[in-house]
Amino acid sequence: MARYHIETYGCTSNRGESQEIERALRDGGHHPADGPGEADVAILNTCTVVEKTERNMLRRAEELDEETPGDLVITGCMALAQGEQFREEGVDAEILHWDDVPQHVLNGECPTVTPDTETVLDGVVGILPIARGCMSDCSYCITKKATGQIESPSVEENVEKARALVHAGAKEIRITGQDTGVYGWDRNQGESLLPELLDRICTEIDGEFRVRVGMANPKGVHGVREELARVFAEHDELYNFLHAPVQSGSDDVLADMRRQHAVAEYVEVVETFDDHLDYWTLSTDFIVGFPSETDRDFQQSMALLRETRPEKINVTRFSKRPGTDAADMKGLGGQTKKDRSKAMTDLKMDVTGEAYESMIGRESEVLLVEDGTDESLVGYDEAYRQVVIADAEERGLEVGDVVDCEITSHNTVYAFGEPV
Ligand code: SF4
């Protein structure tokens, strides 16, 4: 499990965000480090209220970049509004929205969601864990020891839970699990029931709602890719969003990671979704600096990123977790990992920046799901790209509304929209 160091600046709202991050990390079995020098990941939750604060944030980011042997994650208001300043100063960090920090810290492991499969309603967002456990045994993962083999409730049970969430006021259902792609493998002779579940949620439940499908490893999705992509294309309720973490562009490294999929299978999944959907978001994760990753392997990961151009990318620098098989492998030097992480993060910013740039001028239907900073509201468009609408109260908007928006600008992490 990761040791984390978190520093928070600014208002009580920002402190609340840090508490949420810490809660998610502790739920995932991670624990605080004795300072940044001992941390696998250092998190800087920034504020940008005045210029002097900005200078302090930049200075602190540079210090943390030096002090921590692990990853540096910068989040908070300055990261989101002026993230490019950190890059211009040469700080090697992941710039992330608060909500994306826990997932990043998992070192490539699948998220440890709630220990059982109970639903949670948080405002207009309903969390629906559809199964527990996975069908893999990744060599770097310790989550598996806690969650075990997949255990899937029936499709009927999950549809009923989704229905209850919608009746209780959920406008967005987030389907979660260690690996949603293998949902039902234990009930259906090793074939995913995810397409059937999504189809039935969309056809059998009355009401206005959207559904976001959480992390699905490429192996599980590959077997049902045609069927799954067709279900996405048929139902407007589904956000056109797939989070399929590939982790490496090298089959040799994937074998050492015991990931079960080949690079070509991941590419086939992407191509199938491209064939069925005009506007969608591919989200993927890469681990850089895995112990057996050669320079050639790393270049293959870079090439895969350039080829498939995911709109959302999580780059994690490998760090050893005690008790895992990968921890016993002879590791790469810290500088090599840092250099590779920086190179891939730079490429990621180019790729995602291009995706957001192409959204400008686009008209989208945005579902508003939560409060943002300074009177704004935060929502998601049809492809689950985050859109912020300023002065929402003045415009008579509230959480739960669906708003027709024109995308006017972006900051590489999310877009800004104007109601039309
Ligand atoms: S799929 Fe791999 S990383 Fe995810 S929980 Fe299972 S063993 Fe861990």
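Counting starts at 1 for both ligands and their atoms, following the listed order.
- Of the protein's non-hydrogen atoms, the one nearest atom 8 (Fe) of ligand 1 is Cys141 SG, 2.3 Å.
- Using a cut-off of 2.8 Å, one finds that Cys138 contributes an N/O/S atom close to atom 2 (Fe) of ligand 1.
- Summarising the geometry, atom CD belonging to Glu196 is positioned 10.5 Å from atom CD belonging to Glu191; distances are rounded to the nearest 0.5 Å.
- Each of Arg87, Lys338, Arg317, Lys342 was scored for a side-chain hydrogen bond (donor to acceptor under 3.5 Å, both in side chains) with Asp92, with one residue passing: Arg317.
- Atoms of ligand 1 lying under 4.0 Å from any heavy atom of Asn217, numbered from 1 in the order shown and given with element: 1 (S).
- Shortest contact from atom 4 (Fe) of ligand 1 to any protein heavy atom: Cys110 SG, 2.2 Å.
- Checked by atom type, the side-chain pair Thr8/Asn45 shows no donor-acceptor distance below 3.5 Å.
- For the residue pair His5 / Glu67, no side-chain donor-acceptor distance below 3.5 Å is found, with atom types taken as modelled.
- For the pair Arg340 and Phe286, the cation-pi criterion (under 6.0 Å, within 45° of the ring axis) is not fulfilled.
- Among the backbone and side-chain atoms of Cys134, an N, O or S atom lies under 2.8 Å from atom 6 (Fe) of ligand 1.
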